[in-house]
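To start, the structure itself, in structure tokens.
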Protein chains: 2
Amino acid sequence: MSEKKSKTNKVSLSEVALAAGVSKMTASRVLRGEGGYSERTRATVMEKVDELGYLPNRLATVFAGDKTSTFVGVSIPDLGNEVFAQVLEGIDRKLGAFGHQSVLGLTQHTLREEENWIRTVLSWQPAGLILTGRYHSKRALDMLRNANVPVVEIWDLNSSPMDMSVGINHFDSGFEMGRFIVSRGYRKVGYVGTSHDTANAASARLDGFCKAVEGSGGSVARQLCLHDTATYYPGYYGTEQLLGSTRGIECIYYQNDAMAFGGLQFCDAKGMRVPDDIGVAGWGDLPVAAVMRRRLTSVHVPHLKLGQVAAEMMLARLSDEPVEACRDIGFRLIPGSTVKSAETR
Amino acid sequence: MSEKKSKTNKVSLSEVALAAGVSKMTASRVLRGEGGYSERTRATVMEKVDELGYLPNRLATVFAGDKTSTFVGVSIPDLGNEVFAQVLEGIDRKLGAFGHQSVLGLTQHTLREEENWIRTVLSWQPAGLILTGRYHSKRALDMLRNANVPVVEIWDLNSSPMDMSVGINHFDSGFEMGRFIVSRGYRKVGYVGTSHDTANAASARLDGFCKAVEGSGGSVARQLCLHDTATYYPGYYGTEQLLGSTRGIECIYYQNDAMAFGGLQFCDAKGMRVPDDIGVAGWGDLPVAAVMRRRLTSVHVPHLKLGQVAAEMMLARLSDEPVEACRDIGFRLIPGSTVKSAETR
DNA sequence: TTGAAAGCGCTACCAA
DNA sequence: TTGGTAGCGCTTTCAA
């Protein structure tokens, strides 16, 4: 009947202005607090804002001002992996504290998903993008360049990023673990992880690991890449498969801690003694490790901090502060007690 | 110099139209694939789109059409808690599959944070909101009503939701656990959890638990609410505190599995036998439980599914399909082996 | 201190 | 099958 005011039933700036007996412009100025109005005017306008329950339409703001939104697109492979959840938490908390919002994209570790998500999210005029991983499809790269939006690549440190990057060198972390394991007397080692359709951080770790092991007198007898998620149970049955098919494995390196915990349980269940009968090493240092009776040999990465730093870099860029393009936040090998203690032959 | 075309350097629809030698409207129609143009026209337009690297500005679309965006605001207390990460994963995957994006809000379990986030996110004209929890500030409620946007309240089932709700009855899940523990012969029990500034699901569980225990011959000798996060280590030292200050506790109910795991480790470290010397029960059934040597007594909730269902309800509402306002997805008590087996009396 | 006019990129609506 | 015009809610720019 009388609802032809505006197609939406929402209160607009003009209605506030009308009610307050001022022009749209004056009301706009008051709301933005940019000055140039009397205290009396301010009071009246604010009163009407409350009274009418006015909520600004930021779409219009961005649109009119031809600026970007306060959105920051954040792509994460998956949240089943606790470490990514922590990274996201670090990002969103920091971003939120500065008035930005994360627009989430779960890419399931595929470049195709990432590309589609990037296309969509760019159409919303985001202030910037935070992408997990350093590999992107060609089209994604084109769009990103075209959009001319700040981008932080996280997780897998990109020393020559398209814009900015923060993370660790996964190859190095694998390499260090490889050396460590050999230094503890293990020679014939195995790997249990999952397979991916693309180069990623886990493969970089494996590469580094193999290089270190083979370069220091050991051998990686078997690399088992399951077509499954990198979680607890695949770690369990992956271990069973690995040990069942390859004789003489002395130590197993896992794609991550979740899989390593699964492996640990398999060994326990079969009565194998860790680390004497078999060594177990993971990656990521899951929070649950803090209360386990055995400290898992692993690599600690400050995941939450990684997220925070990524957000800080983005925020700095958005406020035109100088930002270093590339930041290594480092990792730390945790000796733990699931590989033998020092005993180099 | 010549950059006055548009303040942004972005390619607009008119530029595509110009290049293709058609009107904006025709180009618009082609891009939306709504029909009403020749194949020849379509081809030309699409060619120019590719050539110019045109990316639509969805802000303008929403704005012009006076419709909502494809955003769905999703508020989650925190991602440190694995169960919420799973819920979010369920939501975003489902939403993403239907062309919607999650705008994340980490509320840190406070109504004030939630309120601020709601205000911001509403200003972006979201298609809908998914909120964790059934309690909201009065102002939040006002804004929500005013905005007239679909809302799904999740986690804590709200039988008379403001719009839609999906989750479980936390009181009942605590009640069932209380009964179970008493039925297994424990009488003097304790609770270890964290404190909150507001009524929430965990307190509902505790309420149900106490009611059941006290109603069936047991007593809750101590409720320890730490000012900390509900994670592993607080579970550990909370157990120490509880057992140190209260004599004769036979079984401990924890706010969640992470805390229960921490407690389990404390008991192990002190040489207490579980479940004979002390019983341990958690809530949530964390994935890591699947590979632990002892099955933790807990309550299983299909977290991922909860998220999916929430997203489905939202999507159904958005496409004007009928939706039941309130959906209980249920829980399942897991007897486990950290409380004694049947032995009533 | 205030306001009027123009326009952001797109779509609804009508006309051709 | 195509195009012109108006307008979404706001800000920018300029004038009063």
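We name chains A, B, ... by the order of the sequence lines, and we start the count at 1 in each one.
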From B:Ile154, B:Thr107, B:Leu106, residue fulfilling side-chain contact (heavy atoms from CB on, under 4.5 Å) relative to B:Ser75: B:Thr107

Is there a side-chain contact between [X] and the phosphate of [N], meaning an N or O under 4.0 Å from OP1 or OP2?
X	N	result
A:Tyr54	D:dG9	no
A:Thr26	C:dG3	yes
A:Lys10	D:dC8	no
A:Thr41	C:dT1	no
B:Lys24	C:dA12	no

Between [X] and [Y]: side-chain donor-acceptor atoms closer than 3.5 Å:
X	Y	answer
A:Thr70	A:Gln101	yes
A:Glu114	A:Ser137	no
A:Asp78	A:His109	yes

Tell me: [atom1] of [X] to [atom2] of [N], nearest whole Å?
X	N	atom1	atom2	value
B:Trp124	D:dC10	CH2	P	12 Å
A:Leu18	C:dA4	CG	P	12 Å
B:Met25	D:dG3	CE	C1'	8 Å
B:Leu59	C:dC8	CG	C1'	10 Å
A:Gln125	D:dC10	CD	C1'	16 Å
A:Arg40	C:dT2	CZ	P	9 Å
B:Phe63	C:dG9	CZ	C1'	10 Å
A:Leu55	D:dG9	CG	P	14 Å

Quick one: which of D:dC10, D:dT12, C:dG9 gets closest to the side chain of B:Ala60? C:dG9

Take atom CZ of A:Arg112 as the centre, draw a 6.0 Å sphere, and report whether it contains more than 12 heavy atoms from other residues, nucleotides or ligands. no

For B:Arg93, does the CZ atom sit with more than 12 other heavy atoms under 6.0 Å from it, leaving out its own atoms? yes

Is the shortest side-chain heavy-atom distance between A:Val151 and A:Met164 below 4.5 Å? no

Any residue in residues 28-39 of chain B with a heavy atom nearer than 4.0 angstrom to DNA chain D? Just list them by number, or reply none. B:Arg29, B:Gly36, B:Tyr37, B:Ser38

Does the salt bridge (Lys or Arg N to Asp or Glu O under 4.0 Å) test come out yes or no for B:Glu51 and B:Lys48, once each step is laid out? CA-CA 5 Å; B:Glu51 206 172 302; B:Lys48 293 303 170 189; 3.5 Å; yes

Test your reading of the model: is there a side-chain donor-acceptor pair from A:Glu15 to the backbone of A:Ser12, 3.5 Å cut-off? yes

End-to-end axis angle, where each axis spans five pairs of the helix from C:dT1-D:dA16 to C:dA16-D:dT1, to 10°: 30°

What nucleic acid atoms does A:Val22 come within less than 4.0 Å of, heavy atoms only: base, sugar-phosphate, or nothing? sugar-phosphate

With salt bridge (charged side-chain N to carboxylate O under 4.0 Å, His left out) as the rule and sequence neighbours excluded, what pairs involving residues 148-166 of chain A come up? A:Asp163-A:Arg317

